[in-house]
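All heavy atoms count here, side chains included; hydrogens, waters and symmetry mates do not. Quick note: residue numbers are just sequence positions, from 1.
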Amino acid sequence: WSSDVCSSDLLDALVKKLNRSAGFVRNDPRSHGMKKASVQVRLNPDGSLKNFRILNAGDQQDQIAFIKSVVEQAVPFEGSP
């Protein structure tokens, strides 16, 4: 998906599913770092996970592991039109 072909309804559904899945994954609030991190999540057209790539880890390894676990718990997402 790219943002130019992803409808707001699909994006809203994806965010809601990620938020629900976050409740099923343990996260230690003491492990928050100070530097920013960024990841890239790419999905296949059928909604399955294509890849999870760390663009900048900063000092956020524990948070990145949490986010990856949430994404893996949440897939598959609704496929793109």
Side-chain angles (χ1 to χ4, degrees):
W1 290 352
S2 64
S3 59
D4 57 336
V5 297
C6 184
S7 75
S8 64
D9 290 340
L10 288 175
L11 187 57
D12 287 343
L14 179 126
V15 170
K16 285 178 184 175
K17 190 166 185 184
L18 284 171
N19 285 334
R20 279 192 310 270
S21 296
F24 297 105
V25 179
R26 278 188 54 135
N27 186 23
D28 183 0
R30 296 173 294 169
S31 65
H32 293 241
M34 299 298 289
K35 297 177 183 174
K36 291 183 181 182
S38 56
V39 298
Q40 179 183 59
V41 177
R42 295 180 67 200
L43 302 175
N44 292 309
D46 67 357
S48 62
L49 182 63
K50 184 172 187 172
N51 72 350
F52 182 94
R53 189 172 137 208
I54 300 168
L55 302 176
N56 178 20
D59 59 353
Q60 301 286 340
Q61 276 308 122
D62 290 339
Q63 290 303 306
I64 290 170
F66 170 73
I67 292 167
K68 185 173 184 180
S69 295
V70 169
V71 170
E72 290 172 345
Q73 175 78 25
V75 292
F77 298 99
E78 183 177 333
S80 63

Participant: Using a 4.5 Å cut-off on heavy atoms from C-beta on, say whether the side chain of Leu55 contacts that of Arg53.
Facilitator: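 Yes, close enough: below the 4.5 Å cut-off.
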
Participant: Distance check, rounded to the nearest 0.5 Å: Ile64 atom CD1 versus Asn56 atom CG?
Facilitator: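 It is 7.5 Å, given to the nearest 0.5 Å.
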
Participant: According to side-chain hydrogen bond (donor to acceptor under 3.5 Å, both in side chains), who are the partners of Ser38, at least two apart in sequence or on a separate chain?
Facilitator: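 Per chain and number, Ser38 pairs via side-chain hydrogen bond (donor to acceptor under 3.5 Å, both in side chains) with no residue.
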
Participant: Determine the minimum heavy-atom distance between Ala37 and Ala57, stating which atoms define it.
Facilitator: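 Closest pair (atom of Ala37, atom of Ala57, distance): CB-O, 3.5 Å.
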
Participant: Within this structure, what is the CD-CZ distance for the pair Gln40 and Phe52, rounded to the nearest 0.5 Å?
Facilitator: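 So the gap between those two atoms works out to 10.0 Å.
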
Participant: Looking at CG of Leu49 and NZ of Lys68, how far apart are the two atoms once the value is rounded to the nearest 0.5 Å?
Facilitator: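 One finds 8.0 Å between CG of Leu49 and NZ of Lys68.
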
Participant: Using side-chain contact (heavy atoms from CB on, under 4.5 Å), reason through Lys35 and Asp59 one step at a time and then give a plain yes or no.
Facilitator: CA-CA 6 Å; Lys35 297 177 183 174; Asp59 59 353; 3.4 Å; yes

Participant: Quick check: does any side chain N or O of Ser48 sit under 3.5 Å from a backbone N or O of Asn44, one acting as donor and the other as acceptor?
Facilitator: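 Between the backbone of Asn44 and the side chain of Ser48 there is no qualifying donor-acceptor contact (under 3.5 Å).
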
